[in-house]
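One structure is given below, encoded as structure tokens.
Order of the sequence lines sets the chain letters (A, B, ...), proteins ahead of strands, with each chain counted from 1. What you are looking at is a predicted structure, and each value in this text was computed from that prediction instead of being measured.
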Amino acid sequence: MKLLFIHSDNFCYRLTGKTPVAEDIDHKIHKENSFKNALIVFTTVERLDAGNAGEITEAASLDIKELSEKLKPSNIVIYPYAHLSNDLGLPSSAIPILDELKSKVIVKIPEIPVYRAPFGWYKGFDVSCKGHPLSESSRHITALTVAGETKKNEIKIRENIVREVESRFFILNYDGSEIPVDLTDKNVLNNDIFAKYPSLHKFIAFEEFKIKTGAEPPSIEVMKKLELADHEENSDSGHLRFYPKGTLMFKLISDWAEDIALKKLNCMEIETPLIYNWNKPEIRGQGESFHERHYSVMVPEDKIKDDAVPRVFAAGKEFVLRFAGDFGLFSMLKDAKISYKQLPLRFYESSKSFRYERSGELSGLRRLRAFTMPDIHSFCLNLEEGFNEYRELYRRYSDLAEAAGIEYAVVFRIVQEYYDKHKDKIVNLLAYSKKPALIETLSKMKHYWALKHEFQGIDSVSGSCQLSTVQLDVEDAKRYGINFVNEKGEKEGCIICHSSVGAIERWMYLILEEALKKEIPALPLWISITQVRIIPVSTQHTSFALKLMEQLSSSNIRVDIDDRDFSMGKKIMFAEEEWIPYILVVGEKEKNTGMLSVRNRYKARKTFNMTMEDLINEMKEQTKDMPFRSLMLPEMLSKRPTFAG
RNA sequence: GCCGGUGUGGCUCAGGGGUAGAGCAGCUGAUUCGUAAUCAGCAGGUCGUAGGUUCGAUUCCUAUCGCCGGCUCCA
């Protein structure tokens with residue numbers, strides 16, 4: 001519905017003829033009429049209004065009331081006026097909607113007479129506008145704006161609830177002891193308890209007290225130097241391109257996340273669309289809680305066939321690029337038939353998400369507009385099963401953090417009554433990861449979860465960023481319409497464990513940052529791009545080098561050969577600049593003795609003499625249970641292009 | 001988005017009102033080397049982009065974009 005308001009000193013109209021859709025004039029409606037000090041409401045009923053007439057006339061009548069209170073007109077005239085829209089409603093629905101609007105206005109504003117001009121007649125009119133700032137205005141009311149208003153009110157109500165919730169912070173050790181911390185006082189950072197827990201200290205300083213070093217995280221430069229990733233200038237800010245080495249690293253971490261989901265937890269893997277209909281209230285509702293920081297996808301208007309007409313985007317057909325992982329899954333499960341006998345059900349999906357972060361918020365691999373999130377959701381029978389799933393997920397994510405060798409702090413947020421009842425379960429989790437945690441207890445349920453935790457990764461400049469999270473959702477399944485049928489044959493909402501290992505890009509960020517904390521930066525062996533670099537002393541030894549490469553490759557080790565015409569010293573320099581963990585210099589000596597000369601980055605770059613078998617065993621020991629992928633680059637360095645650095 | 005910083009060949013940087021210079025990487029040739037840089041030659045840039053001032057701008061001014069940091073926000 002479109003409304004054009006004019007506050008008029010004098011307004012008069014007269015009917016001049018019938019249109020084909022003219023309504024019969026009942027005796028109460030005059031062929032001619034004039035008003036003084038009137039609020040004229042030129043009104044167009046649009047096609048889509050019929051479906052939500054009640055809500056739309058309600059919203060429109062509220063607008064008229066609001067305006068009347070300010071303008072204090074002597075009359076209100078609802079004037080059917082088809083020319084405000086090119087998407088008109090059928091007369092058969094428009095007339096009742098106008099009447100409904102009129103009666104709602106009468107109820108809301110009993111003190112002012114309300115008229116309605118005839119529908120479907122040619123009319124002449126004279127209008128004089130008062131010309132003060134409020135005397136002209138317009139409104140467009142649709143099902144969506146109505147839904148948006150409702151949503152905004154819900155958000156406001158929610159914000160008020162959030163404000164009422166009281167938080168209490170303390171540190172819970174894995175022996176069950178609680179150490180209170182006062183987060184209003186910076187001096188708590190000097191507390192002795194933090195001497196033992198530096199990661200927790202860094203997290204609290206950064207996140208709660210906003211103590212920042214202002215230094216640039218070195219991984220931003222290093223990701224380019226190591227030819228891992230860089231910004232793509234032909235895309236939007238916050239979108240990276242990954243070079244072959246970065247892609248390998250990305251895939252190794254993804255493989256590990258996938259192993260957890262598919263091999264360790266036996267999830268069902270799914271794949272759902274990247275774009276969703278922005279006109280669906282459930283999608284839009286989520287979008288608003290994300291502060292509408294989404295990418296829109298417009299599609300061309302179908303009807304325009306003539307290529308000479310500049311492209312027009314279809315009205316009412318707007319899509320959003322997914323900004324979270326659960327749209328597709330929840331939509332899928334809403335339609336699924338689930339029995340209590342099938343629970344728990346676990347699903348895995350790894351997908352790109354897009355968020356239109358404000359430009360100043362972007363940073364290296366840590367904060368992007370496009371990032372990849374592997375998600376695991378467990379749908380559970382009851383709270384007990386929910387806690388079991390929670391424990392399982394917590395442990396697996398903890399394993400990954402340990403395998404990646406990153407520094408992290410654990411933070412739990414729990415509704416007080418759940419903490420009181422289930423403290424032992426939390427302590428049990430902490431005992432697994434052998435870490436104390438910062439605990440925030442909430443006096444009331446603030447969000448959809450009763451319990452959640454975050455692994456907060458710590459970078460080399462004492463900043464933190466969220467990685468893995470598990471959230472125990474005790475009340476939202478009903479809202480999403482995800483139900484199972486219990487033994488009595490009744491529908492019941494699931495307990496949902498939402499979880500993610502965290503964005504792959506962030507894992508790369510923290511793995512690089514962790515490497516850069518060391519004097520000689522090095523990646524864990526399983527994630528090193530080239531694991532062994534073979535440097536032939538001269539070109540005469542290339543064939544021997546190839547033979548060694550064969551042996552190492554067949555043991556699933558990523559090897560390459562620097563066959564370029566550089567001096568040996570220079571080739572070692574290049575290998576060190578690439579952070580390659582094992583460097584083999586091969587020449588006559590090795591060929592004759594069968595012993596290898598191995599320069600080991602993990603051991604202060606010292607050189608060791610060892611057999612091939614020992615080397616392979618040493619490396620296999622370090623990469624045990626970790627994903628493997630072969631090198632995605634030419635093995636001979638002379639065949640490799642330079643991408644950056 | 002706001003505030004501050006920054007932008008010169010693939011990389012690291014120098015310079016400065018008279019249309020740019022080095023090292024490395026690249027290419028050509030020589031060299032066949034034992035644990036962080038072998039030698040020589042060649043080729044590479046409308047100095048982020050667009051306006052303005054000027055006889056003349058890469059240099060001065062304005063706007064704009066990217067990147068980095070802070071605020072805010074967040075995985």
More than 12 heavy atoms of other groups within 6.0 Å of A/Lys606 NZ: no
B/U28 versus B/G4 - spacing of their C1' atoms, nearest Å: 48 Å
Syn/anti state for B/G44 [syn: chi within 90° of 0]: syn
Between P of B/G34 and CD of A/Gln540, the distance in whole Å: 12 Å
Residue closer to the 5' end of RNA chain B, A/Val585 versus A/Arg564 (nearest nucleotide): A/Arg564
Near-ring test A/Phe327/A/His294, centroid separation under 6.0 angstrom: no
Under 3.5 Å: donor-acceptor pair, side chain of A/Tyr509, backbone of A/Gly364: no
Base B/C67 paired with A/Asp230 side chain (donor-acceptor, <3.5 Å): no
Side chain A/Asp565 and base B/U31 donor-acceptor under 3.5 Å: yes
Heavy-atom pair of closest approach, residues A/Ser500 and A/Met373: OG-CE, 3.4 Å
Under 4.0 angstrom between A/Lys570 side-chain N/O and B/C33 OP1 or OP2: no
Gap between atoms CZ and P, on A/Phe643 and B/A25 respectively (whole Å): 19 Å
Length of the NZ-P vector between A/Lys571 and B/U31, whole Å: 16 Å
Touch class at under 4.0 angstrom, heavy-atom based, for A/Glu590 against every strand present: base
Rounded P spacing from B/C39 to B/G34 in Å: 15 Å
Rounded C1' spacing from B/A40 to B/C65 in Å: 43 Å
Any A/Ser538 side-chain N or O less than 4.0 Å from OP1/OP2 of B/C33: no
A/Glu392/A/Arg396 ion pair, N-O < 4.0 Å: yes
Intra- and interstrand pairs of RNA chain B - dot-bracket, Watson-Crick/G-U under 3.5 Å, | marks other strand: (((((((..((((....[..)))).(((((.......))))).....(((((..]....))))))))))))....
Length of the line joining A/Asp562:CG and B/U32:P, which is rounded to integer Å: 18 Å
A/Tyr394-A/Phe455 aromatic ring centre distance below 6.0 Å: yes
Set of ring-ring contact (aromatic ring centres under 6.0 Å, His included) partners for A/Phe206, sequence neighbours left out: none
Contact letters for nucleotides 68-75 of chain B, in which S counts primed atoms plus P, OP1 and OP2 and B counts the base, heavy atoms under 4.0 Å: SSBBBBBB
A/Asp236 CG to B/C67 C1', straight-line distance once rounded to whole Å: 14 Å
Under-3.5 Å donor-acceptor pair between A/Arg599 side chain and B/A36 base: yes
A/Lys224 vs A/Glu221, nearer the 5' end of RNA chain B by closest nucleotide: A/Glu221
Closest heavy-atom pair and its distance - A/Tyr408, A/Ile458: CA-CG1, 4.2 Å
Cationic tip of A/Arg369 above A/Phe354 ring, under 6.0 Å, 45° of axis: no
Integer-rounded Å distance: B/C11 C1' and A/Leu226 CG: 13 Å
Nearest-angstrom distance, C1' atom, B/C11 to B/U49: 23 Å
Cation-aromatic face contact A/Lys251/A/Phe242, 6.0 Å, 45 degrees: no
Ring centres under 6.0 angstrom apart (A/Phe566, A/Phe574): yes
Touch class at under 4.0 angstrom, heavy-atom based, for A/Glu233 against every strand present: nothing
Closest nucleotide among B/U32, B/C67, B/A25 to the A/Ser237 side chain: B/C67
P spacing across the pair B/G10 / B/U38, given as an integer number of angstrom: 25 Å
Atom-to-atom span, CE of A/Met568 to C1' of B/U38 - whole angstrom: 12 Å
Whole angstrom value for the distance that separates C1' of B/A25 from CD of A/Glu227: 11 Å
